[in-house]
Amino acid sequence: RTELPRIIRLLVVSEAAPVNNAVERLCTSFSEDRYVVRRATRPTDVGESGERDTFDAVLLDLKPLLEAGMTKAEGVVASMAALGPVIALSGTLDAGAEQSLKRAGAADCLFEDETTPRGLRRAIRMVISTGGNKRRTPRLFDPGTGLATQFLFWEILGLAARRAKRNRDFFALLLVEVGDL
């Protein structure tokens with residue numbers, strides 16, 4: 001049984017204002033998740049204190065690193081993957097470059113237009129639910145029974161709760177236990 005944690009530890013490695021603003025809005029927009037955010041402006045700033053924390057997700061801004069070359073970006077992704085699943089944030093990448101980053105250890109890649117609070121939340125939840133391995137997407141339906149999995153249940157429940165809050169309405173959840181009769 002895997003549930004998404006109520007407290008999500010994030011490491012944000014970026015000096016770009018749009019990324020930091022999106023993370024700030026993410027932390028205040030979705031009340032069902034609590035985010036503990038540690039920030040660093042450069043990947044070299046992360047290990048300066050000598051501590052080796054692990055995080056539920058590492059948001060790594062690759063724009064400055066890609067200017068230095070793809071090999072450098074791959075090396076940084078590989079080293080940051082030791083801290084937690086890496087979500088690489090970049091301007092644009094071709095398919096080959098994205099696959100190269102994923103082989104280096106990136107769990108996901110988000111482009112500039114996806115760096116919104118909703119896009120970040122979706123990527124973080126996906127990375128956590130798959131254990132950091134993006135190659136294995138979470139199943140939405142159980143292959144044996146055809147019923148929705150716990151991942152899909154929590155997604156739908158979260159949508160219903162947000163819709164009810166937005167519309168100042170109520171919603172109900174009925175739990176039925178079916179046992180041997």
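The first residue in the sequence is number 1, and the count goes up from there.
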*Asks:* If you round to the nearest 0.5 Å, how far is CZ of R38 from CG of L10?
*Replies:* 12.5 Å
*Asks:* Does a side-chain heavy-atom distance below 4.5 Å link P18 with T115?
*Replies:* no
*Asks:* Would you say V76 and V13 make side-chain contact, with heavy atoms under 4.5 Å?
*Replies:* no
*Asks:* Between CZ of R166 and CG of L159, what distance do you get to the nearest 0.5 Å?
*Replies:* 9.0 Å
*Asks:* Of the non-hydrogen atoms in P117 and A22, which two are nearest, and what is the gap between them?
*Replies:* CG-O, 3.8 Å
*Asks:* Salt bridge or not between E112 and K63? Use side-chain N to carboxylate O under 4.0 Å.
*Replies:* yes
*Asks:* Considering only heavy atoms from C-beta outward, does the side chain of V37 approach that of L26 to under 4.5 Å?
*Replies:* no
*Asks:* If you define the side chain from C-beta out and look only at heavy atoms, does anything of L62 sit under 4.5 Å from V77?
*Replies:* yes
*Asks:* Find the distance between CG (L173) and CZ (F153) and round it off to the nearest 0.5 Å.
*Replies:* 5.0 Å
*Asks:* For P85 versus A107, what's the shortest heavy-atom pair and its separation?
*Replies:* CB-CB, 4.1 Å
*Asks:* Of all residues at least two apart in sequence or in a different chain, which pass the side chain to side chain donor-acceptor pair (under 3.5 Å) check with S14?
*Replies:* D61
*Asks:* Under a 4.5 Å cut-off applied to non-hydrogen side-chain atoms, are L59 and V19 in contact?
*Replies:* no
*Asks:* At what distance, to the nearest 0.5 angstrom, does CG of L101 lie from CZ of R103?
*Replies:* 9.5 Å
*Asks:* With a 4.5 Å cut-off on side-chain heavy-atom distances among I, L, V, M, F, W and Y, is there a chain of contacts connecting L175 to F171?
*Replies:* yes
*Asks:* State, with a plain yes or no, whether a side-chain heavy atom of R118 is found less than 4.5 Å away from one of R121.
*Replies:* no
*Asks:* For residues L65 and P43, determine if any side-chain heavy atom of one lies less than 4.5 Å from a side-chain heavy atom of the other.
*Replies:* yes
*Asks:* Is the backbone of G96 close enough, under 3.5 Å, to the side chain of Q99 for a donor and an acceptor to pair up by distance?
*Replies:* no
*Asks:* Taking side chain to side chain donor-acceptor pair (under 3.5 Å) as the definition, give me every residue that meets it alongside R39, ordered by chain and number, with sequence neighbours left out.
*Replies:* N20, E24
*Asks:* Distance check, rounded to the nearest 0.5 Å: I87 atom CD1 versus E114 atom CD?
*Replies:* 11.0 Å
*Asks:* With the side chain counted from C-beta on, respond yes when F111 and E98 share a heavy-atom pair under 4.5 Å apart, and no when they do not.
*Replies:* yes
*Asks:* Not counting sequence neighbours, which residues clear side chain to side chain donor-acceptor pair (under 3.5 Å) with K72? List them please.
*Replies:* none
*Asks:* Keeping the roles fixed (side chain from R9, backbone from T54), state whether a donor-acceptor pair exists under 3.5 Å.
*Replies:* yes
*Asks:* What is the distance from atom CD1 of I128 to atom CG of D56, rounded to the nearest 0.5 Å?
*Replies:* 4.5 Å
